[in-house]
Each structure stands twice: as C-alpha cells, then as structure tokens.
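A short worksheet on the structure shown next.
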Amino acid sequence: MNRGPRITRRGFLAAGAAAALAACTQDQEPAQEPARSADSANAPTTTGRTGDEAPTPTTPVDPTPTTRPTDPPLSVELTNDPFELGVASGDPTPTAVILWTRLLVADNIAIPETGLDVRWEVASDDTFAEVLATDVTAAVPSLALSVHADATGLEPDTWYWYRFRVGDRMSPTGRTRTLPDLDSSQQSLRFGFSSCQHWESGYYSAHRHLSEESLDIFFWLGDYIYESGPTSAPLEATGQPRVHDGPEVRDLQGYRDRYALYKSDPDLKQHHASHPWLVTWDDHEVSNNYAGSIGENGQTTDEFLQLRAAAYRAWYEHMPVRLEPPTGPDFPIHRQFAWGDLAEIFVLDGRQYRDDQPTDGATVQVPGTQGQTLPLRELGPTSLDPNHQFLGRDQQAWMTDGVVNSDRTWKLLAQQVLMQGLSVPLGDGPVTITDTWDGYFANRHLILTEMDEAGVENLVVLSGDLHSAIVGDLRANPYAYDTRVVGTELMASAISSAFPTGGGDLTTLISLFNPQIKHFDTNNGYTVCDLTPERCTAMLRVVTDVADPSAEVETAVTFVIDNGVPGARRA
Ligand code: FE
Ligand code: CA
C-alpha cells in the first residue's frame, strides 16, 4: 500500500514529555467513558462529557505551559464545538492506526488555506495520564477540514485511547487497537459487519449495540450515505422517522453535507469511537446502481466521472482510511489486512472497475413493491461472458493470487453485494438481480473455480446491499446444486435501510427456490462473528424496531462454519 508523506509536523513521541503533558492536562479534563450505556441513549455526546466545554479548573492553568509541545494559538476563534462529527479510527497495522476527525466550524469563520492545527494524542487509557504518541496535523479547507493522522510506533495487539484538540477545544475520546503481529499465532478474532444506513428508513440503534459488542474490528460494507433527495411523501404518510435535509446530491459540497448529516447521529458516532473500522463503499456513496464510469441518470461519461470524483473525495474526507486523498475520479481503495495467522482479509471494491449491469435479459417487475425496483432479469449473453468484469482485471488478479497463496486459516472477503446466486421464477425462466455477482455470472465462475482448483479452504465472503441477512453456500455455478461448495457467504442485515418490497411474495419465493440459501430475513441489524482456528461462529443480530431510537437487539439465529467444511450449519 502506498504511504506517501502526510501533512503532519512537529513529531513528538517521548514518554518523559508525555508524562509532563499529562500532568498539565489531566486535571483539566474529565475521565472519558469509552462508550455510553444503552440507557443513556439520548445523551447529547458520544462520551461521558456533559457539554461542549472542558470544565473550568478551580486553579487557573497556564494556557501555554512550557512542559507541553507549544501549539501556537489558532488564527481564528471557534464559536461552536468543532467536533460535532465525532472521531473514528481505522486501517490498523501491527504498529499504527489511522485516527480521523473532521472539524465543523461556523460558516462565517474564514479558515486560511493552510488550515487549522489539530493536535492528536494516543494514550494507554481514557484518563490520558500516559500519552504515548502525539503530533499536529493540519485540517485544511481543501479536504473539508478532515484529519487523517497516522499514529505510528504503537505496540501490536494493543488497545489505545485517542482524542484531538484544536485551540482550546477537545474532541470526544475514541478507543482503538492495533493488529496482532503478522507472524503471531492467534486464537480469536471478534468482528462485526453491516451496511446500508438510509437516514430516512430508521434510527441507528444497531450502531449503538455494535459499540457494546466488544469487537476487535468492524467492517463497513457500503451505502454509508444515500445520495437521494428528501422523500416526497409527507412524513405522516410514510411513517419515516427522519428525512434528508437537502436535494439529491450532485456535487462535492452536497456530498460533504450529506456525510455531515449522517455523522450527526449519536449512535453512529459512538460506534466509530468504540473500535477500528475497515470500510469499503457501494453504489450510494456516489449514485444508485452505478457501474464503473456509467451512472443511472443518463449523464455523459465525463459528467458522471466528475460526479464520481466529487463523491470519492468526500468519501475519503469522511472515512478513517490509510489512503492518500484522490485527485480525480480514480481512487484505488481495495486493500489487504491480516489477523496473525488466523485470517487474511481483503477489502474489495465492486463498483469502480465493473462493467455495466447486463441489460440483455428480459426484465420483470417484482409484485408487491411500492415504487421501488430491483433490477430482476433473466441471464442474457452478457452475464455469461467471462470478460464481463466485476472487480476489474487488476483487482481480480490481486485478490485471487492473495487468496490462493495465503497460508492463514481463514480468508475473508469484505465486499459489497451478494456473491452467491439468488433467483426467483418470475419471468419465462428464472430471474436474478443483475446488480449482484449474478450479473457477472461467468466472471464469478472463473474466480471461484480458480480458488477451488487451487485447494483454497475456509473462504468466507462478507456482504451487504440487499437489506437482508443471508447465509448460504458459494458455488462456482450457484445453481448447479450437485457441484462442490467452494466457500460460505454471510450477508449482514442493513443498519436501517428497508428491503424493497411491500408484500411477502418475494421473500417467500427467495426462500422456496434457493436451496443454496440457508437463511434469509429482512430485519435490520448486523452480524457478529467469533473466529477461532476451529470455527467461525456468526451471530445474526436484529433490532426490535428500526423506528424506535432506543430499540433493543436480539440474536435471531447463529450459524457455524467449521474449519475445512465450506458452508454454514445452524448452531
Ligand atoms: Fe443499501
Ligand atoms: Ca447498494
């Protein structure tokens, strides 16, 4: 992975100075709670803090003590809490982790192009008594005042606390961790994953419960924002708990505002602050069902690539990723991680490099849908062409080689859309969702055959997008039920987005006609997996009511994948 120079300076990593710094700061700041409890769900901030300001100390404190790194005063006066979007961390290595925040300042404050200096601190506990690493990073207007600080020099397999400071304003505290040593023997990894958090479809109780799951890492599999305008129907008619606050997003400012809206949610902030995330995107971070350089709204390629460049830039600005900011419409984000000898992890991009969804099969309308459409089609010649690309040749070769050559026990593919097949008999023949891997049938066949023939074991594909939880078998041809199972797919429920059907017809058909699918439900929630050398235990959690901001969570069902046995069994 490329790791170019970052806009940090005045490096500072010294225990002695850190202790002195701590002595200056610890009695100014209250101890931070890493996460609030469920019964304080409506607390105004994501930590134990009760207001915007640090409490006033009883004895006056020298604002520029000589024993701490000298941060010059800000050139502007901040009139609001600049940390309203919270903090986040992600893309850990065994010795480093990316720390993220984005400053929000009032519109009438002119920020110089050189930005505002933001100090970050990493400590061994939430009192920050021992600051282990700290530095200053400039939050610049050209990147929406976002900060991506690479906290380096950390210990492997270790939890840390972090926070940011700009001027006299302090951020909430986040908790994060490093990966174990790449060569180490690991007995367990606990991870969660989910996708699809449409603002208008419900509250983020799932995120609040995820923050309390004691996860090591969390995979976000796409649709972090939805780009659409506000719903046209009155709220009373739709029952939607909240609406988008602006029109359909068409430019960089629009995307920035949409991320800011979503990131204002206290449950989402709490979840980001709880553990590191490994994120990828799907279509709605740009435009519904886009494919490569092709949009859905009839734009020219140039027009669409301009929109894609804006969307990718805004995505970078708001995600805790170990990447350099994109400078145009091309932005490689697929990347690889490892959990000791236990898991090889590939984070994939199934949008940027794919060919267009096939349109040469007959299409059908799903009965019972309420103005929403799933692109259901018969498989035509395009999907049966092995050159019709899903990941693009480079990413496909990188992933396939990586999986085939990995010695680690489990191979996890964190990616966007359903990889196993799903078909229903609604046309003259069966129809599939051509926005998923079914639309790239021969390409999928090639990839899974190559892995199968190379003897790949313990392939587990994580996915999202269908606003439902699915557990099933992966075969090179998903509908050839007498052929070998190559791996297992776990699709997590959506955080809040709704399955696009008004009636039960489609869900019944899916369950009746897809023996490869062991479980299908359209609840909201997420999945938590306990990975050990022996097995992968997947717990499918559902929230009791997505329209209730204080909803509880329940385990709907648990599946187990045994080492060496592709396919999941009900626990
Ligand atoms: Fe979605
Ligand atoms: Ca999607």
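Note that ligands are numbered from 1 as they come in the structure, with each ligand's atoms numbered from 1 the same way.
Taking the ring centroids of W315 and Y224, they lie at or beyond the 6.0 Å cut-off.
At a threshold of 2.8 Å, the Fe ion (ligand 1) has no backbone or side-chain N, O or S atom of S497 nearer than that distance. For C196, the nearest N, O or S atom to the Fe ion (ligand 1) falls under 2.8 Å.
When the N, O or S atoms of D223 are ranked by distance to the Fe ion (ligand 1), OD2 comes first. Minimum-distance N/O/S atom of H467 relative to the Fe ion (ligand 1): NE2.
For the pair R444 and F441, the cation sits on the ring face: its NZ or CZ lies under 6.0 Å from the ring centre, inside 45° of the axis. Cation-pi geometry between R308 and Y255 is not met at under 6.0 angstrom from the ring centre and within 45 degrees of the axis.
Side chain to side chain, H284 and N288 meet the donor-acceptor criterion of an N or O pair below 3.5 Å.
In this structure, the ring pair (Phe, Tyr, Trp, His ring centres under 6.0 Å) partners of F390, at least two apart in sequence or on a different chain, are W437, Y440.
Residues H272 and K263 are in side-chain contact: their nearest non-hydrogen atoms beyond the backbone lie under 4.5 Å apart.
Taking distances strictly below 3.0 Å, the protein N/O/S atoms close to the Ca ion (ligand 2) are D223 OD2, D282 OD2, D283 OD1, D465 OD1.
A donor-acceptor pair under 3.5 Å is formed between the side chain of N477 and the backbone N or O of Y479. Distance alone, capped at 3.5 Å, places no donor-acceptor pair between the R351 side chain and the A291 backbone.
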